[in-house]
Number of protein chains: 2
Amino acid sequence: MTMTDDQLISILRDSGYKVTPQRLAICNYVLSSKEHPTAEHIHSEIVKKHPAISLNTIYQTMDMLIDLGLVQEMRFSGSSSRFDSNTSVHVNIICQKCSKIQDFESEGIRELWSRILAEMNVEPVGQRLDVYVLCDECKR
Amino acid sequence: MTMTDDQLISILRDSGYKVTPQRLAICNYVLSSKEHPTAEHIHSEIVKKHPAISLNTIYQTMDMLIDLGLVQEMRFSGSSSRFDSNTSVHVNIICQKCSKIQDFESEGIRELWSRILAEMNVEPVGQRLDVYVLCDECKR
DNA sequence: TTACAAATCGTATTTGTTACTAACTAGTAA
DNA sequence: TTACTAGTTAGTAACAAATACGATTTGTAA
Ligand SMILES: [Mn+2]
Ligand SMILES: [Mn+2]
Ligand SMILES: [Zn+2]
Ligand SMILES: [Zn+2]
């Protein structure tokens, strides 16, 4: 979910989180990324502007974003967690070979998913919809 | 997926896996369980009949079952992996509080899911459909 | 029966994540 | 501006689940 610095700052302050340059940099990167990055990946990006940033701060900031409901953590076998800033109902298309993750989102899917929920008769507090595939590049 | 010992033995032999008493016990337990058990949970069950069984053997047998396509591993934040022997298209209804997992499966859901796949235009090799809820007991 | 590849058990190691702590800093209110 | 304080950071230690390793045992095909 992309937003302006001012919007982000309001959200953090309203929830009692202090605004630091590290947080702003991490949030801006993660919330605008479509790559479902790992903590290591986020760190390697942020360290360019904040050379002393620690991996721990990345994890703590992810915990904050999860607490704020702005990010979802996805765990996998054999690889580290990916962080998804798309919190709307959508499908993650995940390549089994190269681990690339692409979102698929549409009104049609939201409608079909809501019908599935209706059939199950549950009140969801979240969901994770993964489809495992071989992506076009890995199929070759 | 429940099956007879003979069916199971055939599958193992056909794939070049040896048939051992430990494997039979683990497979029978896991393939008939609806609980999405953890490795520890499986171990605590099998150790009753095989007192020397190691946790390592549980993990190795799970790898085998995953290789055979009979089991799917589900990783989570803050808790250990759960192993799901229901490999058909279904939704895992997962309580955020007590971590109980219940399958929901129906012709309607398979139909709706196939329409989602059609819209995405992908050839899935698998999927993981999680809905996070508060179960009836935890809601009280 | 024998030979050998594979499986098991027990343990060591790895790895991703979490916990801890001293130093630092954002926010607040004189 | 200044001083205070609770929250944040960086660095590192600790943790736990999962994986790798190696000696011994076992299943299976000759
Ligand atoms: Mn996504
Ligand atoms: Mn299931
Ligand atoms: Zn790929
Ligand atoms: Zn519950």
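Lettering of chains follows the sequences in order, A, B, ..., and the numbering in each one begins at 1. Atom set for the values below is all heavy atoms of this structure, side chains included, hydrogens, waters and symmetry mates excluded.
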**Q** C:dT17 P sits how many Å from A:Met74 CE, rounded?
**A** 14 Å

**Q** Do A:Glu73 and B:Ser77 meet the criterion of a side-chain donor-acceptor pair at a distance under 3.5 Å?
**A** yes

**Q** At a heavy-atom distance below 4.0 Å, what parts of residues 56-72 of chain A sit against DNA chain D?
**A** A:Asn56, A:Thr57, A:Gln60

**Q** Is a side-chain donor or acceptor of B:Asp67 paired with a backbone partner of B:Asp63 at a separation under 3.5 angstrom?
**A** no

**Q** Under 4.5 Å between side-chain heavy atoms, counting indirect links through other Ile/Leu/Val/Met/Phe/Trp/Tyr residues: same cluster for A:Tyr132 and B:Ile66 or not?
**A** no

**Q** How many Å lie between CD1 on A:Ile9 and C1' on C:dG27, as a whole number?
**A** 13 Å

**Q** Side chains of A:Glu40 and A:Ser80: donor-acceptor distance under 3.5 Å anywhere?
**A** no

**Q** Applying the 4.5 Å side-chain criterion to the ILVMFWY set and letting contacts propagate, would A:Val122 and B:Ile94 be lumped into a single cluster?
**A** no

**Q** Write down the distance between CD (A:Glu40) and C1' (C:dG16), rounded to a whole number of angstrom.
**A** 9 Å

**Q** When the distance from CD1 of A:Ile53 to P of D:dG11 is rounded to whole Å, what number comes out?
**A** 10 Å

**Q** Pull out every residue in residues 11-25 of chain B that has a heavy atom closer than 4.0 Å to any atom of DNA chain D, ordered by number, or say none.
**A** B:Arg13, B:Lys18, B:Val19, B:Thr20, B:Pro21

**Q** Quick check: is A:Phe83 connected to A:Met3 through a chain of hydrophobic side chains (ILVMFWY, heavy atoms under 4.5 Å apart)?
**A** yes

**Q** Would you say a side-chain N or O of B:Ser81 is under 4.0 Å from OP1 or OP2 of D:dA18?
**A** yes

**Q** Taking A:Glu35's backbone N and O only, do any of them form a donor-acceptor pair with A:Ser33's side chain (distance below 3.5 Å, no angle check)?
**A** yes

**Q** Is a side-chain donor-acceptor pair under 3.5 Å present for A:His36 with A:Asp103?
**A** yes

**Q** Out of C:dC9, D:dA10, C:dT17, which nucleotide sits closest to the side chain of A:Glu73?
**A** C:dT17

**Q** Between C1' on D:dT8 and CD1 on A:Ile26, what's the gap in Å once rounded to a whole number?
**A** 11 Å

**Q** Around atom CG of B:Asn121, are there more than 12 heavy atoms of other residues, nucleotides or ligands at under 6.0 Å?
**A** no

**Q** Distance check needed: C:dT11 C1' versus B:His43 NE2, whole Å only.
**A** 14 Å

**Q** Rounding to an integer number of Å, can you tell me how far B:Leu55 CG sits from D:dA18 C1'?
**A** 9 Å

**Q** Expressed in angstrom and rounded to an integer, what is the separation of B:Arg75 atom CZ from C:dT17 atom C1'?
**A** 12 Å

